Amino acid sequence: MLDKNFDPTAFESRLYETWEQAGAFAATPTRNARPFTIMIPPPNVTGSLHVGHALTMTLQDVLIRYQRMQGRDALWQPGTDHAGIATQLMVERELQREGTSRQEIGREAFLDRVWQWKAAQGGTITKQLRRLGASPDWSRERFTMDEGLSRAVRTIFVRLFNDGLIYRAKRLVNWDPEFASAISDLEVEMREVKGHLWHLRYPIEGSDLSIVVATTRPETMLGDTAVAVHPTDERFRDLIGKTIIQPITGRRIPIIADEYSDPEKGSGAVKITPAHDFNDFAVGQRHQLASPSIFDRAARVVLAEIRADAQPPDPDFFDSLEGLDRFAARAEIVAHLEAAGALVLVESHTHTVPHADRSNAVIEPLLTEQWFCNAEALAKPAIAAVEDGRVAFVPKSWENTYFAWMRNIEPWCISRQLWWGHRIPAWYGPDCTIFVAETEADAALQAEEHYGHPARLRQDDDVLDTWFSSALWPFSTLGWPDNTRDLTRYYPGDVLVTGFDIIFFWVARMIMMGLYVMGDVPFRTVLMNGLVRDERGQKMSKTKGNVVDPLALIEAYGADALRYTVTAQSGAGRNIKLGAGLVEANRSFITKIWNAARFCEMNQCRPDPAFNPAAATLPLSRWILDAANRTITEASEALDAYRLSDYALICYRFTWGDFCDWFLELAKPSLISAPGLVSVDRAGNTDDARELRAVTAHVLGILLRLLHPVIPFVTETLWDEFGYGAAGSLIRTPWPERSIVTDADAARAEVSWVIRAISEIRAVRNEMNVPAATRIPLLIRDASAETLARAQRWREEVARLARVSSLEPLHGEMPHGAAQAILDEATLILPLADIIDLAAERQRLANTRAKTASEAEKIARKLENQDFVSRAPEDIIAENRDRLDAAQAELARLDAALSRIA
RNA sequence: GGGCGCGUAGCUCAGCGGUAGAGCAUCGCCUUGACAUGGCGGGGGUCACAGGUUCAAUCCCUGUCGCGCCCA
C-alpha cells in the first residue's frame, strides 16, 4: 500500500542509483537505432549548481529522456569546463590566504595546486546534477583539459595557424589589470558610471593662445600625442596644424582635424592617447601618430616610453608619477593642473566604462603582443549555415542577434596571460622565430630545419581563452582528431540547449569551429532558454541575497517538483521567475499523481498485459482512452517542436482535469461498489468493473510514461510499485502510442453531456446556497429520448457527483419553488421548495438570459451585415447561424423557465 | 544612437484574424470512503494608447507611451 504522501527523499537517491548502475543513461552505439545527441554545456568544474543550471539541465533531460523512450540511441554527453579565469582565481585566493602567491610558488607548483583543487571540488556539480535527476551518459564524462581534449586543442591550433587563421600581433587589447591578462571583447562589460569631465587648458606653442580639451581620463595625458578637433568646427579652424605643449610632459604635439572629435561633446577638442583608448588608437593610425604606452601590466605609470620626448615644465612632478596607480596618478595630475590654473572646469558626467566581467576591474586598453584568431574568415560559413537553415534557432528571433554579431565580428584575442589552461603550442627560437607544433619535439624538428642545427626553444607562456576549447566540445568529446565510431555516429548533434547569454561566447564559436574542422554544423537546433530571475523578476545575485539554491528546493520539495516547475515556466527564450512558492505549488501536482495512483491501488486497478483498449466498450472507457490519445499526440508534438512548457501543461491538464477530476470520479461507483476483481457492479455486471479497472491501469500507465521525462522519480516509483515493468525500467520503456477507440465521437458526446449536467447542477446548487449535505431530486423536462436514456444510464454517477437523490423525467407541472438550468434541449429542474429564494432564482435566470440575449444580438447583427454574409467564408457564416439558433433556442427555454416561476 | 523583445484577470503567463483562456491569488460552500499539498462554485479583462488594413483585429500594419535586454 502506498503511503499517503509521496516522500521524494525516500525514493530519489535510491532510484537514481538503480538507473545509473543499470546503465540506463548509456548511449549504445552498437544498437541499430537512430542516434539523438545533446552536448551538455559543460559547467565550470569547480562550480556548483545554480538555478540557471537547474533550468537548462532539466530541459535537456526532458528531451533526452523523451527521445530515449522514442527508441532513439540517446547520447547526452556530459563533462565539465576548466574555466581558466574562474578556477585560477579561486586557487589564487586560497594561496593568498596562505600568505603566498602563484608567482612565489611558480608555475608548476601552482598547476599542481589547481589540479588538487579540481580533484577535491570537481565532483560537486556532477553530484548535484545527479540529485536533479539528470541522465547523461556518465561513463563518457569529459573534461576540457583531459588528455584527449587537450590534443584536439593543439591539433586545431596548429591547423588554424598553418591556414593563416591564427596569428600573433601587437594590437591594442582589453587588458584586465587585476588578472594581468588580456581578455576578449566579450568579456568586457560596459557599465554606466558617474564620473567627471575635466576641461583642461593646453597651451599653444609660440603664442598666448591655448585650447581647452575635455577628458574623462586625465591620467592618460602622459601618453598624448595629439589633440583632435572636428574639421568643420569653426571655433578651432585656425588652430589646426598648430603645436601644443603638453602641460605635464612638455611634449610637442599637433592639433589635428579628425571627425572622431564631436563638437557637441565637452569642449569640442579631445586629447588623443593612442596606446590607451580604442578610438584614439584609430585616430592615431589615421594620422601616423606615435603610440607610447604609459602603464605597465598592473596599470601603474611607466615613464620609459615617453621620457625621450618629454620636456616637462616641472620635472620633479613628472618623475614623481612613476609607479603610481592610474587612479592615484589621475588625482595627482588633476591637482597639479588645478594649482597651475590649467583646470578650467569640472563637470559631472555619466559615461560608460569598460569593466572586466570576471574581476570587475576597469579595463585598461593596452598595446601588447597577443595571439588572434581570424574570426571573420570562420564566421562566413557559420553565417551561411544559419541563413540556409542548417542550424535553426528556437525561437527564431535569436538568429538576428547571431547575425548582427557575426557580420561585424572582430578578431578574437585567444591568448591569456594565465597559467591554468591549454598552454599555447608555440615555441620561440633564440631570435624569436615562432615554431607552432603539436608537441615540443615537432617544434624542435622545425627549428632544426630552420636554423640548420638544433636550437634552444622556449614555449609561449600564455594559455588559450577557455572558450577556445569549449568551441571544440561537440567533436572533441567524441574522440576527434581520431576518426572514431562515436564521431561519425553522434556528430552532428541534434539540439543544443543553452542560455542566450553565451550565444557569442559559445554557440557561434561552436558553429564556426564545427564547420571549419568537421565540415558540418555541430547541431541542427539551438534551443534558447531564458535566464532565471527571482519571484519579482530581479536578477539573482549574491549581494542582493535573492539567490535561490536549487538544492535547497530539491531538499524541500523534491527534484520532480523543481523540474516540473522550471519546465512549465520555460516559455522558449523567455526569462523565468522562480521562487520557492511556485515550486511548492507544483509539488501538489506530484502529490496529486501519487494520490490518484493510491486510489487505483486501493481499487485493484492493476496493469493487465492482456488488456486491449480497442475492445473497450463502456463510453467512459472510450472517453478517457480518446482523451489519452489526444494527449499523447499533443504532448509528442509539443516535445518534437521543443515547446516544453506546453508539454508540461498538456500532461497536467490531462492528469488532473480529465483523469482525476472526471474519469476517476465517474468510475468510482463502479470501482468501489465492486471490490475485488471478480465481483458485481451496480448493474450486476462484472464486466463493467473489470473493464474500468483495466482501463484505469492502462491510462495511469500512459500518463506515467508521458510524464516521465519531466518528473522521472515519482513516475518511476509508481511504475515499479504497480509492476508495469521491472524495477527501474520506465526510463527505457517505449513512449506510449495512440490506441484504437471505437466510436470516440459517441463516447465524447455521452460523457460530455454527463459532465455538463453535473456542472450545471453544481453551479445552481452553489448559487442557490444549497448546503452540500442536502440531497435534492432531479427532474428533467423537454428531454429527448436519447437524453433521458443517457440520464438513466448515468443516474448513479450524477447522483453521487451532483448530490442528487433521485432522477426522474417531468411531464406535468413543475413543483412550486424549483431552480432550473437549461442543458441543450432539456431543462434540469431542482425542486427546492423550502430552501429556495424565489427572487434570487429569478435573478439568476434573468442574468443568464441577459448574457444569452446579448450574445444572440451580437450574432444577429453580424448576420444582418451584408458585407459579412457576402465576404466571410461559408463555414464561418454557418457557424454563426448555428450559434444564433442555439442562443435563440436557449432564450426560449429560459423564458419558459422564468414564466414557470413568475 | 542602432537593433530585438515585451505591455492580455490582483500576480505569472498562454492565445496571435472569426464565442477572451490557464495556473496562482481572492471570495463562498464542503472534512464525501485517493488527495484540505484536496473538492465544488463564483467574481474579476474597453487584451497599454491612437490611427489604419479587413466583412471581422487582442492578433496584421503605422505611430505614441511605458518596461526590459543586446550592440555602439
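Quick caveat, the model's predicted, so the values are computed rather than measured. Letters go in sequence order (proteins before strands), and every chain restarts at 1.
Separation of the P atoms belonging to C30(B) and A20(B) is 35 Å when rounded to the nearest angstrom. Annotation: A14(B) and G28(B) have their C1' atoms spaced 28 Å apart (nearest Å). With both ends at atom C1', the span from G18(B) to G68(B) equals 33 Å, rounded to whole Å. Only the C1' atoms considered, G43(B) is 11 Å distant from A9(B), to the nearest whole Å. Across G39(B) and C60(B), the matching C1' atoms stand 44 Å from one another, rounded to whole Å. Nucleotides C61(B) and G17(B) have their P atoms positioned 11 Å apart, rounded to a whole Å. Across the C1' atoms, G5(B) and A48(B) are found 16 Å apart, a figure rounded to whole Å. Comparing the same atom, P, in C55(B) and in A22(B) gives a spacing of 33 Å after rounding to whole Å.
For R871(A), counting side-chain heavy atoms from C-beta on, the closest listed nucleotide (A34(B), C55(B), A20(B)) is C55(B). Of the candidate nucleotides A20(B), G23(B), G18(B), A20(B) has the atom nearest to the side chain of K858(A). Of the candidate nucleotides U19(B), A34(B), U37(B), U37(B) has the atom nearest to the side chain of R587(A). Comparing G42(B), G18(B), A34(B) against the side chain of E879(A) picks out G18(B) as the nearest. Distance from the side chain of R803(A) is smallest for U32(B) among the nucleotides U32(B), G18(B), G41(B). Picking from C55(B), G33(B), G39(B) the nucleotide with the shortest atom distance to the side chain of R800(A) gives G33(B). Listed nucleotides C70(B), G42(B), U19(B) differ in distance to F504(A); the shortest reach to its side chain belongs to C70(B). Listed nucleotides G23(B), A34(B), G18(B) differ in distance to C660(A); the shortest reach to its side chain belongs to A34(B). Listed nucleotides G5(B), C24(B), G43(B) differ in distance to S397(A); the shortest reach to its side chain belongs to G5(B). Side-chain atoms of P873(A) lie closest to G18(B) of the nucleotides G18(B), C24(B), G41(B).
Considering OG1 of T852(A) and CG of L894(A), their distance stands at 5.5 Å, rounded to 0.5 Å.
A straight line from CD1 of I761(A) to P of G42(B) spans 14 Å, rounded to a whole angstrom. In this structure, the CZ atom of R756(A) is 15 Å from the P atom of G41(B), given to the nearest Å. One can place CG of D882(A) at 13 Å from C1' of U19(B), the figure rounded to the nearest angstrom. Spacing between atom OH of Y652(A) and atom C1' of G23(B) amounts to 6 Å, rounded to whole angstrom units. Per the geometry, CG belonging to N603(A) stands 7 Å off P belonging to A34(B), to the nearest Å. Rounding to whole angstrom units, CG of residue N769(A) and P of C40(B) are separated by 19 Å. For the pair L664(A) CG and G39(B) P, the computed distance is 12 Å after rounding to whole Å. What separates CG of D646(A) from C1' of A14(B) is a distance of 8 Å, to the nearest Å.
For the residue pair T56(A)/N529(A), the side-chain donor-acceptor check at 3.5 Å is satisfied. Using a 3.5 Å distance cut-off with no hydrogens or angles, the side chains of E187(A) and S184(A) do pair a donor with an acceptor.
F663(A) and F659(A) have parallel rings, their planes meeting at less than 30° on a 0 to 90° scale where 60° marks the start of perpendicular. Relative orientation of the F500(A) and W398(A) rings is parallel, given thresholds of 30° and 60° on the angle between their planes.
Of the residues near RNA chain B, A585(A) and S588(A), the one whose nearest nucleotide (by heavy atom distance) lies more toward the 5' end is A585(A). Each of N595(A) and W662(A) was matched to the nucleotide of RNA chain B holding its nearest heavy atom; the match closer to the 5' end belongs to N595(A).
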Legend entry - Steps toward salt bridge (Lys or Arg N to Asp or Glu O under 4.0 Å) verdict (E797(A), R800(A)): CA-CA 5 Å; E797(A) 289 81 358; R800(A) 179 188 175 83; over 6 Å; no
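Among the heavy atoms of the strands lying under 4.0 Å from R653(A) are primed sugar atoms or P, OP1, OP2 only; no base atom is included. Residue A404(A) is classed as having no contact, given no heavy-atom separation below 4.0 Å to the nucleic acid. Among the heavy atoms of the strands lying under 4.0 Å from T591(A) is at least one base atom, whether or not backbone atoms are also near. Within 4.0 Å (heavy atoms only), Q866(A) reaches no atom of the nucleic acid at all. Residue D661(A) is in sugar-phosphate contact alone, with no base atom involved, counting any heavy-atom pair closer than 4.0 Å across all strands shown. Here Q569(A) lies in heavy-atom contact (under 4.0 Å) with sugar-phosphate atoms only. Contacts of C600(A) with the nucleic acid, taken as non-hydrogen atoms under 4.0 Å apart, are absent.
Within the 3.5 Å criterion, the main-chain N or O of P771(A) finds a donor-acceptor partner in the side chain of R765(A). Counting only distance, with no hydrogens or angles, the side chain of Y564(A) and the backbone of A648(A) share a donor-acceptor pair below 3.5 Å.
Annotation: side chain of Y557(A) is not in contact with side chain of I590(A) (no heavy-atom distance under 4.5 Å). Inter-residue side-chain proximity for N174(A) and F278(A) is flagged as met; some heavy-atom pair is nearer than 4.5 Å.
For E721(A), the salt bridge (charged side-chain N to carboxylate O under 4.0 Å, His left out) test picks out no residue, with sequence neighbours left out.
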Inset, instruction - With pairs defined as Watson-Crick or G-U wobble and both distances under 3.5 angstrom, please note down RNA chain B as a dot-bracket string, | for pairing with another strand. - result: ((((((((.[[[[.)..(..]]]].(((((.......))))).....[[[[[..)....]]]]]))))))).
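Using a 4.0 Å cut-off, no side-chain N or O of K4(A) falls inside it from OP1 or OP2 of U37(B). Within the structure, a side-chain polar atom (N or O) of K592(A) is placed less than 4.0 Å from OP1 or OP2 of G39(B). For G39(B), the OP1/OP2 oxygens have a side-chain nitrogen or oxygen of W656(A) closer than 4.0 Å.
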